[in-house]
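Basis for what follows: all heavy atoms, side chains included, without hydrogens, waters or symmetry-related copies. Here is how names work: the chains are called A, B, and so on, in the same order as the sequence lines, proteins then strands, and each is numbered from 1.
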Amino acid sequence: MDTRRIAEVLDEMGTLLEARGEDAFRCRAYHNAAQALKALPPDLSELIASNQLGETPGLGKSMLAKVVELATTGRLESYEQLRQTTPPGLVALLRVPGLGPKKIKVLREELQIEGLADLRQAAESNQVASLKGFGTKTEAKILEGINFIESVGDRILQSTARRQIGPILDWVRAQPATIKAEACGSLRRQKATIGDLDILFASSDPAPVLDGFIHRPEVAAVLAQGPTKASVRLAEGVQCDLRGVSLTQFPFALNYFTGSKEHNIAMRRRAIARGWKLNEYSLDGPEGPLPCDSEAEIYERLGLAYIEPELREDWGEIEAAERGPLPTLVTRSDLIGTFHCHTDWSDGGATLDEMVEATRARGLTYLGIADHSRSAGYAGGLSIERVRKQWAAIDALNTKLGQTFKIFKGTECDILGDGSLDYPDEILAGFDYVVASVHSLFGLSREVMTDRVIAAVKNPYVTMLGHPTGRLLLARDGYAIDLEAVIEACSKSGTMIEINANPHRLDLDDEHCRRAKALGMLLVINPDAHSTGGLDDLDYGIGVARRANLTAADVFNTRSSSEVEAAFARHRPV
DNA sequence: GCCGTTTTCGGCCCGACTGTTTTCAGTCG
């Protein structure tokens with residue numbers, strides 16, 4: 001079993017133990033061990049053989065034995081037992097706001113509640129309010145929480161989060177009492193999906209801002225309200241927290257509320273190791289406070305180089321920052337051009353000219369067109385005849401544009417069921433580049449799907465693999481595929497993998513981008529734009545790349561137009 | 001369940017807020 005899956009098993013065990021109300025520190029030990037594993041290579045056999053695995057902090061004697069059992073046999077007796085003896089619905093109860101391990105234990109012991117349906121029934125018949133430690137408000141809150149989970153789910157897309165937080169953040173910033181304000185939490189870390197919205201502001205008088213906030217038109221319900229913090233549920237369902245601190249507290253609070261939780265814990269441990277104390281308000285030594293004007297200073301005080309928000313997951317960034325400055329992460333302004341854009345030749349909404357104009361307006365100097373191939377009937381895929389016509393149109397436009405801008409002729413070519421491509425070689429040879437994507441037969445077995453995609457990326461005309469898992473965030477899981485094997489195959493054949501920047505996809509994900517980088521591969525941030533506005537999705541792709549620790553050198557579309565041309569020429573068969 | 005040069009037992013990040021209590025436990029981030 002690979003490392004990632006082992007980490008998932010340990011995480012699940014920790015969660016199952018929590019739902020059962022076991023000792024909280026024991027539960028955390030499982031999560032900590034899972035976290036520690038994420039920094040290790042996908043195949044543990046070498047570490048096991050050389051007896052080095054046990055040196056990993058967080059893996060004690062007992063945990064080590066579990067990891068070895070999983071890695072070598074693919075099974076774990078204690079895991080299977082735990083699953084068998086824990087009601088499957090119990091874990092869902094942890095997602096109900098206001099319910100934690102202790103309350104769940106009471107519900108289970110007193111009312112035999114083992115899932116959301118049981119809980120709803122008990123709450124609706126007022127059995128919950130009479131339990132010790134519960135009351136009518138808790139009961140009402142539980143019902144509201146179940147409704148929330150069952151209606152909208154508990155995460156939203158990053159793009160949805162940005163749209164919702166925008167007007168609120170602008171409003172907070174515009175308040176006279178506000179000195180400055182930032183969005184924190186997983187949004188600042190640019191996670192693909194977001195659980196809730198966090199806004200932090202600095203002020204010497206936070207009360208009027210908090211009061212105005214809870215009366216905003218977007219607010220559907222006030223969940224909590226104190227002198228420094230207010231929590232609301234917005235009309236669209238997501239929770240939004242607003243916290244006010246003083247200007248001197250701001251850097252500490254910004255760091256704390258940006259998280260991740262794991263990163264914070266590691267930071268606090270580091271402070272403790274120096275005999276200091278770190279919290280959301282200050283860093284304190286034995287002789288008093290150690291003031292910091294910025295997050296960078298907090299890291300400096302703790303003997304660390306600055307760590308960008310996107311890296312704060314306790315995936316090894318603290319150890320890296322201990323050794324010295326971290327590489328400069330890629331930014332939007334590093335991108336010089338873009339690939340994988342659609343036009344109205346297939347299912348895009350804009351003309352070729354409009355896409356060129358929009359690309360130039362965004363400061364880019366080349367545009368790769370990649371309309372759908374002929375089998376993609378649903379998306380107006382181009383027949384060979386139409387391909388030739390589009391080439392002529394692009395040639396004409398390129399001539400008109402002269403040296404100032406370059407359009408690359410590409411295609412998003414379907415990978416057919418057997419792994420062959422949707423155009424014959426002589427047509428593929430006419431494109432500057434080829435993005436190969438799966439758009440059909442999602443239900444193939446993992447083995448067949450993996451072979452199919454690997455066959456396609458081995459095709460010498462294929463320049464990039466498009467959205468490698470086909471996932472649609474919060475809507476559809478990716479198809480079954482051995483992504484590790486696909487990445488390795490791409491590495492061998494010199495095929496790039498795209499980071500599809502559409503906020504519904506973000507595919508390849510950050511974790512596998514790290515893997516690709518470790519193999520020395522180039523990634524390419526592709527907006528998969530179907531309109532001029534779709535070009536702005538590049539920002540989401542940048543977020544994935546930054547979370548994956550990618551620098552400009554790791555991203556293909558930071559290369560100049562002439563470097564791109566040379567790279568295409570090198571890649572294609574002679 | 002992990003960890004250790006003040007500890008092999010007794011800690012484990014910690015502060016705000018809520019609701020249910022009548023001084024605090026539980027949850028959350």
Side-chain angles (χ1 to χ4, degrees), chain A residues 10-11 13-14 16-18 21-36 54-67 78 82 93-107 128-142 144-145 154 184-189 194-200 206 210 222-232 239-245 249 252-273 275-284 312 314:
Chain A
L10 295 184
D11 258 328
M13 289 181 81
L16 286 167
L17 292 167
E18 276 169 43
E22 304 281 341
D23 176 73
F25 295 108
R26 187 172 165 232
C27 301
R28 187 181 300 162
Y30 281 84
H31 294 303
N32 285 345
Q35 190 72 15
E55 291 166 21
T56 313
L59 294 187
K61 203 177 161 191
S62 157
M63 207 63 84
L64 180 65
K66 289 183 170 69
V67 173
S78 54
L82 189 59
L93 297 179
L94 282 169
R95 285 165 51 210
V96 179
L99 285 192
K102 300 285 168 65
K103 283 207 161 76
I104 290 173
K105 194 167 185 187
V106 173
L107 289 167
V128 172
S130 54
L131 293 175
K132 190 170 168 13
F134 292 72
T136 51
K137 284 194 175 178
T138 306
E139 190 173 76
K141 220 173 148 183
I142 285 172
E144 194 198 325
D154 50 4
C184 309
S186 49
L187 188 58
R188 185 160 179 248
R189 302 200 313 279
I194 308 294
D196 56 19
L197 308 176
D198 291 296
I199 299 175
L200 176 73
L210 289 165
V222 178
L223 305 174
Q225 189 193 2
T228 64
K229 167 189 165 173
S231 268
V232 302
Q239 183 175 328
C240 181
D241 294 351
L242 179 67
R243 301 161 207 263
V245 295
Q249 293 168 335
F252 301 101
L254 182 63
N255 192 244
Y256 182 82
F257 291 116
T258 297
S260 67
K261 190 173 75 181
E262 290 74 17
H263 180 86
N264 288 351
I265 289 172
M267 289 283 280
R268 287 189 173 198
R269 285 214 181 107
R270 207 174 161 83
I272 290 167
W276 302 342
K277 194 182 84 170
L278 176 67
N279 61 27
E280 59 264 58
Y281 305 116
S282 61
L283 177 64
D284 295 290
R312 300 179 195 168
D314 197 18

What does A:T136 touch in the nucleic acid at a heavy-atom separation under 4.0 angstrom: a base, only the sugar-phosphate, or nothing?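 If one applies the 4.0 Å heavy-atom cut-off, A:T136 turns out to touch the sugar-phosphate alone, with no base involved.
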Paired nucleotide for B:dT8 [Watson-Crick or G-U wobble; both distances under 3.5 Å]: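 Pair assignment: B:dT8 / none.
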Results of side-chain contact (heavy atoms from CB on, under 4.5 Å) for [X] - residues two or more places apart only:
X     : result
A:S78 : A:M13, A:K66, A:L76
A:Q35 : A:K38, A:E262, A:D314, A:W315
A:R28 : A:F25, A:N32

For A:D284, what residues pass the side chain to side chain donor-acceptor pair (under 3.5 Å) criterion, not counting sequence neighbours?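 For A:D284 the side chain to side chain donor-acceptor pair (under 3.5 Å) partners, ignoring immediate neighbours, are A:S282.
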Which heavy atom of A:F134 sits nearest to which heavy atom of A:I142, and what is that distance?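 Minimum heavy-atom separation between A:F134 and A:I142: CE2-CD1, 4.3 Å.
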Shortest non-hydrogen contact from A:G226 to A:L210?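 Answer, listing the atom of A:G226 first, then A:L210: O-CD1, 3.9 Å.
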Protein heavy-atom contacts under 4.0 Å, written 5' to 3' over nucleotides 24-29 of chain B as B (base), S (sugar-phosphate only) or - (none), form the string --SSSB
When you compare the protein's N or O atoms with those of nucleotides 3-12 of chain B, which come within less than 3.5 Å of each other, and at what distance?
| residue | atom | partner | partner atom | Å |
| --- | --- | --- | --- | --- |
| B:dC3 | OP1 | A:G58 | N | 2.6 |

Syn/anti label of B:dT7 as read from its glycosidic torsion, with the cut at 90° from 0: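 B:dT7: syn glycosidic orientation.
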Short N-O contact, A:E18 and A:K105, less than 4.0 angstrom: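 Here A:E18 does not pair with A:K105 in a salt bridge, since their nearest N and O are not under 4.0 Å apart.
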Measure CD1/A:I265 against C1'/B:dG15 and give the value in whole Å, please.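 Those two atoms, CD1 and C1', are 14 Å apart.
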Checking A:S231 side chain against A:D241 main chain: does a donor-acceptor pair fall under 3.5 Å?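 Not a single qualifying donor-acceptor pair exists.
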